[in-house]
There are 2 protein chains.
Amino acid sequence: MLCAGLDDEFLPALNAISSKVTLEKGENLFIEGDRSTYVYNVIEGFLRLSRLGQDGRRQVLGFLTTGDYLGHTSRSEYTLSAEALSDLKVCRFRREDLQGLLSTYPRFERQFHHMTAGLLDDMLDLVFTIGRKNALERVASFLVYQMDRKSVSDTMPGSIWLPMTRADIADFLGLTLETVSRAFSRMKKNGVISIDHAHTINILDRGRLIDLSEGNG
Amino acid sequence: MLCAGLDDEFLPALNAISSKVTLEKGENLFIEGDRSTYVYNVIEGFLRLSRLGQDGRRQVLGFLTTGDYLGHTSRSEYTLSAEALSDLKVCRFRREDLQGLLSTYPRFERQFHHMTAGLLDDMLDLVFTIGRKNALERVASFLVYQMDRKSVSDTMPGSIWLPMTRADIADFLGLTLETVSRAFSRMKKNGVISIDHAHTINILDRGRLIDLSEGNG
DNA sequence: CGCGAGATTGATGCCGCTCAACACAAGTGG
DNA sequence: CCACTTGTGTTGAGCGGCATCAATCTCGCG
């Protein structure tokens, strides 16, 4: 499917103004400072949104996959970079073209606005997590969030595929990669999860994982 | 003025579907769990957005004042509380009524969407700040942000009026109130700011404050 | 004046960062 | 097939920044 995430009735119109882009793992879709000309929708693959401080500090703002949109901003330049974590297919719209569509299809506009508000809600959750939770709670929260995104965990129930590295997770949660690794180890020891190949996490005790994420450890 | 922050041409239509609400300092406009029926616009005064964890941990998500909107969410219930930091006047719209307006005035819809995207950009900044900056840098970043909102600092140039307590600032930045207080003291000692009455901060060296906020201390 | 909420400052302890060593898997070239 | 490399993950030891606990100070207000 091309350009997922919205009602099918809009897809033909969407496709008319979109072009398909393919990236290899490691390539950037855009970086901080690029003019924010386009909005993108992920067709297939994974990517990471991140921002770099001048001295090299990095904050990861999110991990996206099939159906997710990116590139919304109120500013004329992107304030973050988008890098492919795997081979990646996206479709691309000029923001102006999209604007035209939005005027033509009011219901589409509403859905689009609703998605932006959803991103905002996600960011509020993230702020609470990194602002007020300790390391173990943050990593548990991360797993719970990934668990709830069925597009990620649709292969094996109760197991999560994580395409990103420990360093990526750390920079997402405001931790170091060592601390993330230790949190995983503690959860293994407690029988909450098990890990086969570092990128496949099996949730053994969903209830306890949720408790951990909320500080009822 | 009623319902600020948008082009004047929409104000008559806005006013037709809005009602005015007045709160005293300390009252809640809404709390987490309330049905998200309304969207609000601040006419006058200050308020604080916050979220409470089960065990009492609090995260402040933002401080709003004249012209700011609140109540956008993709969810059917608010995930945060809004409390008046001062006597407060807001105008209130049913989301459904607003929806009708948005369909009628496409340009209004665009502006509204643009504001939501702006909130999102602000939250991304906040995530970077609390995820990757130390205590001094966070407090400096907070001051820089308040400095750049002219609606707050329009009285005296170079001085900022902070209606919130140290605890509010701490819960906004993911710190404790003591750490915030110490950060202010250090900046006083270094001649970057001076403080008269705890809620009025004078910026003595704007350049150095910005440097501090970016980690070039 | 005395009270109470908020702010400042100090002493101590702990969680997560830093530095470092080692483990493990995938890829490369001989 | 093995030796070597490279990227990534795990585990350990020690340290430091911020939290915690606590005392004192300031200011507005009855």
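Worth knowing before you read on, the calculation uses all heavy atoms, side chains too, and leaves out hydrogens, waters and symmetry mates.
- B:H199 contributes a side-chain N or O that, together with a main-chain N or O of B:L162, makes up a donor-acceptor pair within less than 3.5 Å.
- The separation between A:R138 atom CZ and C:dC15 atom P is 14 Å, rounded to whole Å.
- What separates CG of B:L85 from P of C:dA5 is a distance of 18 Å, to the nearest Å.
- Side-chain polar atoms of B:R95 and B:S36 form a donor-acceptor pair below 3.5 angstrom.
- When the nearest nucleotides of DNA chain D are assigned to A:R132 and A:H199 by heavy-atom distance, the more 5′-ward of the two goes with A:H199.
- In this entry the distance linking CD of B:E178 with C1' of C:dG13 reads 14 Å, nearest Å.
- The listed nucleotides are C:dT8, D:dA19, C:dA7; the one nearest the side chain of B:S185 is C:dT8.
- Contact annotation: side chain of A:R182 to base of C:dT18, donor-acceptor pair present below 3.5 Å.
- To the nearest angstrom, P of D:dT10 lies 15 Å from CZ of A:R186.
- Whole-Å rounding puts the A:K25 NZ to D:dG7 P distance at 12 Å.
- Within 6.0 Å of atom CZ in B:R75, more than 12 heavy atoms from other residues, nucleotides or ligands are found, so the atom counts as buried in its surroundings.
- When each of A:A198 and B:H197 is assigned the nucleotide of DNA chain D with its nearest heavy atom, A:A198 is the one assigned upstream, toward the 5' end.
- Whole-Å rounding puts the A:R57 CZ to C:dT18 C1' distance at 15 Å.
- The distance between the ring centers of B:F30 and B:Y40 falls below 6.0 angstrom.
- Between B:T176 and D:dA19, a side-chain N or O to OP1/OP2 separation shorter than 4.0 Å is present.
- Here C:dT9 presents its P atom at 11 Å from CZ of B:R166, a figure rounded to the nearest Å.
- Going from atom CG of B:L177 over to atom P of D:dA22 covers 15 Å, rounded to whole Å.
- B:T165 comes within 4.0 angstrom of the backbone, heavy atoms only, and of no base.
- Between the side chain of B:D205 and the backbone N or O of B:R208, at least one donor-acceptor pair lies under 3.5 Å.
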